[in-house]
Amino acid sequence: MIVLKTASELAAMRRAGQATARALARVAEAIRPGVTTRELDAIAEEAIRKEGGVPAFKGYRGFPASVCLSVNEVVVHGIPSDRRLEPGDIISIDIGVILEGFYGDMARTFPVGAISPRAERLLAVTWEALERGIAAARAGSRVSDISWAIQSYVEAQGYSVVKEFVGHGIGREMHEDPPVPNYGRPGRGPRLEPGMVLAIEPMVNEGRDKIKVLSDRWTAVTVDGKLSAHFEDTVAIWPDRTEILTRLPG
Ligand code: MG
């Protein structure tokens, strides 16, 4: 069941989204060679609580940290640890915040120091895939128009999209209907309506799309060991526009 949000609920979701974005910006400032992912997780939790929010992922199905930190070949759901970032790494930060009973959810992949041109290109393509997915999310279009916008662009760049994890509706629950896959033919699935809020989140692999989950039951990695990147925003559908709730003005 898709839960449509009222204007006042959307205002609350905007506050949650903006808090999420400010907290992520704090963590991003701390990314540098030598920092551990556990230190970044602590910074994230402090930043989220300073916003008056609660880390949405902490304890979610037993997830043991405040944010997911996924380095290099880790696709998503990386668990913070004593691993030290090295120059040339890429790190995805997936952050969820509960504020006033609503969820904000976003992800960005950052370079650590100077990265290779091939890593730079993966980040640029995954960002553009998110932009194209959001551009396809308009009142009157269908969910799989988003999917197709992402998949067709990513594959034309020679990369693959992850199939096992998908975007989702979001609101008073982190994962609401409808699922928003990053693959599929256009013109299918529910029609987008004003009041819908979606987390759109392309996960793009440099090599093959196959992934596996490690024995910690969280960490998802590429089977071929190549890089993976992840960008996500929470967006609200209005009659005449789509508002990105998790981007700061300016
Ligand atoms: Mg999400």
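Both counts, for ligands and for their atoms, begin at 1 and track the order of listing.
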Closest to the Mg ion (ligand 1), among the N/O/S atoms of Asp105, is atom OD2
The atom of Glu232 among N, O or S that is nearest the Mg ion (ligand 1) is OE2
(message) Tell me if the centroids of the rings in Tyr60 and His175 come within less than 6.0 Å of each other.
(response) yes
Would you mind reporting whether Arg15 and Leu99 have side-chain heavy atoms less than 4.5 Å apart?
yes
request  = Check whether the side chains of Arg138 and Thr242 place a donor and an acceptor atom closer than 3.5 Å, and report yes or no.
outcome  = yes
(message) Any N/O/S atom, side chain or main chain, of His175 closer to the Mg ion (ligand 1) than 2.8 Å?
(response) no
Exam field: side chain Thr20 to backbone Ala16, donor-acceptor pair closer than 3.5 Å: yes
In Glu201, the N/O/S atom nearest the Mg ion (ligand 1) carries the name OE2
